[in-house]
Amino acid sequence: MPELYLFSAFFLFLAALLSFYFFGVYANLFSSDRFYIPGFCRLSNNDCTSIVDTKYGRIFGISNALAGTIFLFTQTVVLVCTYLNLISNHYAFFMSLVSVSLGAYLIYGLIKLKVKCNVCITVHAINMIVFTMQLMNISQ
């Protein structure tokens, strides 16, 4: 169902915005009290952002939040291009597979560090939903 690509793109755009919000708070680009962030996702203490400085918080020396923002925006574009039949749906599926695979490791890190980060959990949940939608698309 081609509409699933657009739904996936919309969800990933929201996930990218949440990831950017996380990075922005961590990097002191803006305060955590942003009106456009749902209350359950607002960063209210340093517990969440403290994970950035652990081995689970960086990939290739870059903050996961920054890398995730770039990756999720790119994945959004790939999904829109897939919807428009500009590229194969295999690219969207592969990117979702990468997101879910890395997400599993990052969730393990959250559990290991005993950190409950609603932003992280929401982004990983969105990635899982999008992966499920891509499985539905690729199987057709």
Side-chain angles (χ1 to χ4, degrees):
M1 296 189 308
E3 327 50 69
L4 288 180
Y5 293 115
L6 285 183
F7 288 133
S8 295
F10 174 73
F11 287 132
L12 284 175
F13 182 74
L14 294 177
L17 291 177
L18 285 172
S19 191
F20 178 72
Y21 163 73
F22 185 100
F23 176 74
V25 171
Y26 170 77
N28 291 318
L29 298 175
F30 44 80
S31 72
S32 63
D33 191 21
R34 308 307 292 180
F35 73 91
Y36 50 84
I37 301 297
F40 70 93
C41 281
R42 286 201 183 120
L43 298 172
S44 58
N45 58 36
N46 289 334
D47 284 349
C48 289
T49 56
S50 68
I51 62 174
V52 174
D53 297 321
T54 70
K55 69 179 184 176
Y56 302 106
R58 297 190 174 274
I59 189 163
F60 305 118
I62 300 169
S63 155
N64 287 338
L66 179 59
T69 299
I70 294 166
F71 187 85
L72 292 169
F73 276 126
T74 303
Q75 192 175 2
T76 300
V77 171
V78 166
L79 284 162
V80 171
C81 289
T82 302
Y83 172 76
L84 297 172
N85 290 317
L86 299 175
I87 60 174
S88 168
N89 63 350
H90 291 92
Y91 294 108
F93 177 76
F94 178 74
M95 290 185 85
S96 282
L97 184 61
V98 169
S99 288
V100 169
S101 299
L102 282 173
Y105 172 73
L106 297 175
I107 290 169
Y108 169 78
L110 288 174
I111 293 167
K112 187 107 168 133
L113 297 170
K114 297 179 178 145
V115 173
K116 181 184 174 224
C117 176
N118 289 343
V119 173
C120 299
I121 294 167
T122 302
V123 169
H124 295 310
I126 289 171
N127 281 332
M128 184 56 83
I129 291 166
V130 168
F131 178 70
T132 303
M133 287 193 266
Q134 297 316 303
L135 277 175
M136 292 168 54
N137 274 332
I138 205 90
S139 66
Q140 292 180 357

Pairwise side-chain contact, F22 with C117, heavy-atom cut-off 4.5 Å (strictly under) | yes
Quiz item: Do R42 and Y21 come within less than 4.5 Å of each other through their side chains, counting heavy atoms only?
Solution: yes
CE (M133) and CD1 (I138) are apart, to the nearest 0.5 Å, by 14.5 Å
When rounded to the nearest 0.5 Å, the distance separating CG of L18 from SG of C120 is 10.0 Å
Residue set satisfying side chain to side chain contact (heavy atoms under 4.5 Å, CB included) with F10, at least two apart, ordered chain then number -> L14
Residues at least two apart in sequence or cross-chain that pass side chain to side chain contact (heavy atoms under 4.5 Å, CB included) with L84, listed by chain then number, are V80, L86
So the side chain to side chain donor-acceptor pair (under 3.5 Å) pairs with at least one residue in residues 118-135 (sequence neighbours excluded) are S8-Q134
Can you name the residues that form a ring-ring contact (aromatic ring centres under 6.0 Å, His included) with [X], not counting sequence neighbours?
X	answer
Y83	none
F23	none
F131	F93

Residues at least two apart in sequence or cross-chain that pass side-chain hydrogen bond (donor to acceptor under 3.5 Å, both in side chains) with N137, listed by chain then number, are none
Grouping I, L, V, M, F, W and Y whenever their side-chain heavy atoms are under 4.5 Å apart, do [X] and [Y] come out in a common cluster?
X	Y	value
F11	M128	no
L79	I87	no
F71	V123	no
F7	L135	no
F60	L66	no

Scanning both residues in full, the closest heavy-atom pair of S19 with A65 reads OG-O, 2.8 Å
Scanning both residues in full, the closest heavy-atom pair of N89 with Y5 reads CB-OH, 2.9 Å
Of N85, V77, V78, the one forming a side chain to side chain contact (heavy atoms under 4.5 Å, CB included) with C81 is V77
Between Y56 and the options V52, T54, I59, the side chain to side chain contact (heavy atoms under 4.5 Å, CB included) test singles out T54
Salt bridge (Lys or Arg N to Asp or Glu O under 4.0 Å) pairs touching residues 127-140, sequence neighbours excluded, are none
Under a side-chain separation threshold of 4.5 Å, the hydrophobic residues clustered together with F73 are F13, L17
Besides I111, the hydrophobic cluster formed by Ile, Leu, Val, Met, Phe, Trp and Tyr side chains linked at under 4.5 Å, directly or via other members, contains I107
Compile the donor-acceptor pairs under 3.5 Å between side chains in residues 98-105 and protein atoms, sequence neighbours left out, one pair per line.
residue: S99; atom: OG; partner: Q75; partner atom: OE1; Å: 3.2
residue: S99; atom: OG; partner: M95; partner atom: O; Å: 3.2
residue: S101; atom: OG; partner: L97; partner atom: O; Å: 2.8

**Study point:** Stepwise side chain to side chain contact (heavy atoms under 4.5 Å, CB included) check, L110 with K116
**Key:** CA-CA 7 Å; L110 288 174; K116 181 184 174 224; over 6 Å; no
Quiz item: Are the side chain of T76 and the backbone of L72 linked by a donor-acceptor contact shorter than 3.5 Å?
Solution: yes
Let me check something: any side-chain donor-acceptor pairs from residues 24-32 under 3.5 Å, sequence neighbours excluded? List them with distances.
residue: Y26; atom: OH; partner: D53; partner atom: OD1; Å: 2.7
residue: Y26; atom: OH; partner: R58; partner atom: NH2; Å: 3.4
residue: S32; atom: OG; partner: L43; partner atom: O; Å: 2.9

